[in-house]
Amino acid sequence: VARAIFGSTIPVISAVGHEIDFTIADFVADIRAATPTGAAELAVPHFAELLRHVDGLQQRMIGALSTRLRDMQSRVERIQQSSVFAKPTQRIQQLRQQIDHTENELELLLTKSVGIRQKQVHELNRRLTAKSPVERLIRMEQRFGYSLQKLQSAMDVRLDSAANRFHRTIDKLDAYSPLQVMKRGYSLTYRDGKGAHLVRSIRQLQLGDRVHVRVPDGWLDCQVWGMEEEAEHAEQKASGKQSADK
C-alpha cells in the first residue's frame, strides 16, 4: 500500500483515523488527516466558501465590464469631439500641407543628391586625368630628372671625397717613403746585390763583406773594415745568454 501511495500521480490523503501510532501510509502520502471526516474536509472545500468565491468572481467581472464600458464610452466621446468629425476639411488641409512639405523635402533631397553625384563625377574625372598615361609619363620624366640630379650630386660628392682621400693617402705614402727618409740623412744598406737583403743588424755581416749602400741620389759599393756593437745591445745579448744558460 505504501509503495502504491508513493507512486501515485494523484494526490493522496492518509486518513486511517483513531489510530494510536502513525502508519507508514501517513509518511508517504501527500497530506495526513486525523479522521476520514477531516480528510473529506481537506479534499472538498466548504459550500459557503465556494459561494463566497463565486460571489467575488462575479463582483470582479461586473467591475471589469463596467470599467471597459466606461473606457469605450470615453473613446467614442473623444472621437465624436475630434476635428475629423467636427471639421473634416481642416484635416484635408493638414494632409495637403504635409504633402507640400514632403514634396519640398524630396526636391531638396534630389538637388542635394544631384550635387553629390556631380562632385563624384568631377572627382572621378580628376582621378582619371591623374592616371592618364600622358600625365604619368610627365611625372615619371620629372622624377627621373630629379633622381638624375640627385645621382649627379651624390657622384660629385663621392668623387670629391675619394679624391681627397687619395691625395691624403699619397701624402702619407710620400711621407713614409724611404726616399723621403733618406733625404733627411738616412741610407739603406744591402748585402748580396743591390736591394737583395736589407741589413738590419751588424750580426748579419762579417769583416770583409761587401755591401751596397742606397743614398737618395745613387748607390755606394762598400766593404766592411770594422764593426762596433752598441753597448745597450751587447748588454741585452749577454743577459739573454745568461738566462739561456740557467
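This structure is a prediction, so every number in the text was calculated from the model and none was measured.
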Worksheet item: Is it true that the side chains of Arg70 and Thr67 contain a donor and an acceptor less than 3.5 Å apart?
Response: yes

Practice prompt. Using atom types as modelled and distance alone, determine if a side-chain donor or acceptor of Ser161 lies under 3.5 Å from a backbone N or O of Val157.
Written response: no

Item to complete: Using the test side-chain hydrogen bond (donor to acceptor under 3.5 Å, both in side chains), find all partners of Thr169 that sit at least two apart in sequence or belong to another chain.
Response: none

Discussion item. Is it the case that over 12 heavy atoms from other parts of the model lie below 6.0 angstrom from the CG atom of Leu42?
Written reply: yes

Worksheet item: Is it the case that one hydrophobic cluster holds both Ile13 and Val28, taking links as side-chain heavy atoms less than 4.5 Å apart, direct or via other members?
Response: no

Discussion item. So, using salt bridge (charged side-chain N to carboxylate O under 4.0 Å, His left out) as the criterion, who are the partners of Asp160 when residues are at least two apart?
Written reply: none

Discussion item. For Asp156 and Ser153: C-alpha separation, side-chain torsions, deciding distance, then whether side chain to side chain donor-acceptor pair (under 3.5 Å) applies.
Written reply: CA-CA 5 Å; Asp156 293 340; Ser153 299; 5.5 Å; no

Discussion item. To the nearest 0.5 Å, what is the distance between CE on Met72 and CZ on Arg68?
Written reply: 5.5 Å

Discussion item. Classify the ring geometry of His212 against Trp219: parallel below 30°, tilted from 30° to 60°, perpendicular beyond 60°.
Written reply: perpendicular

Practice prompt. Keeping the roles fixed (side chain from Ser201, backbone from Gln204), state whether a donor-acceptor pair exists under 3.5 Å.
Written response: no

Practice prompt. Considering only NZ, NE, NH1 and NH2 on the basic side and carboxylate oxygens on the acidic side, decide whether Asp209 and Arg191 come within less than 4.0 Å.
Written response: no

Worksheet item: Any sub-3.5 Å donor-acceptor pair from Asn125's side-chain atoms to Val121's backbone N or O?
Response: yes

Worksheet entry | Gln59 side chain to Asp55 backbone, donor-acceptor under 3.5 Å | no

Worksheet item: Between Glu105 and His101, do the side chains contain an N or O donor and an N or O acceptor separated by less than 3.5 Å?
Response: yes

Worksheet item: Does a donor on one side chain sit under 3.5 Å from an acceptor on the other, for Ser74 and Asp71?
Response: no

Practice prompt. Flag yes if more than 12 heavy atoms outside Glu228 fall under 6.0 Å of its CD atom; otherwise flag no.
Written response: no

Practice prompt. Look up atom CZ in Arg158 and atom CG in Leu151, then write down how far apart they are to the nearest 0.5 Å.
Written response: 11.0 Å

Practice prompt. To the nearest 0.5 Å, tell me how far Arg52 CZ sits from Leu57 CG.
Written response: 13.0 Å

Discussion item. If we ignore hydrogens and angles and just use 3.5 Å, is the side chain of Gln223 paired with the main-chain N or O of Gly208 as donor and acceptor?
Written reply: yes

Worksheet entry | Nearest-0.5 Å distance that lies between atom CD1 in Ile202 and atom CE in Met227 | 6.0 Å

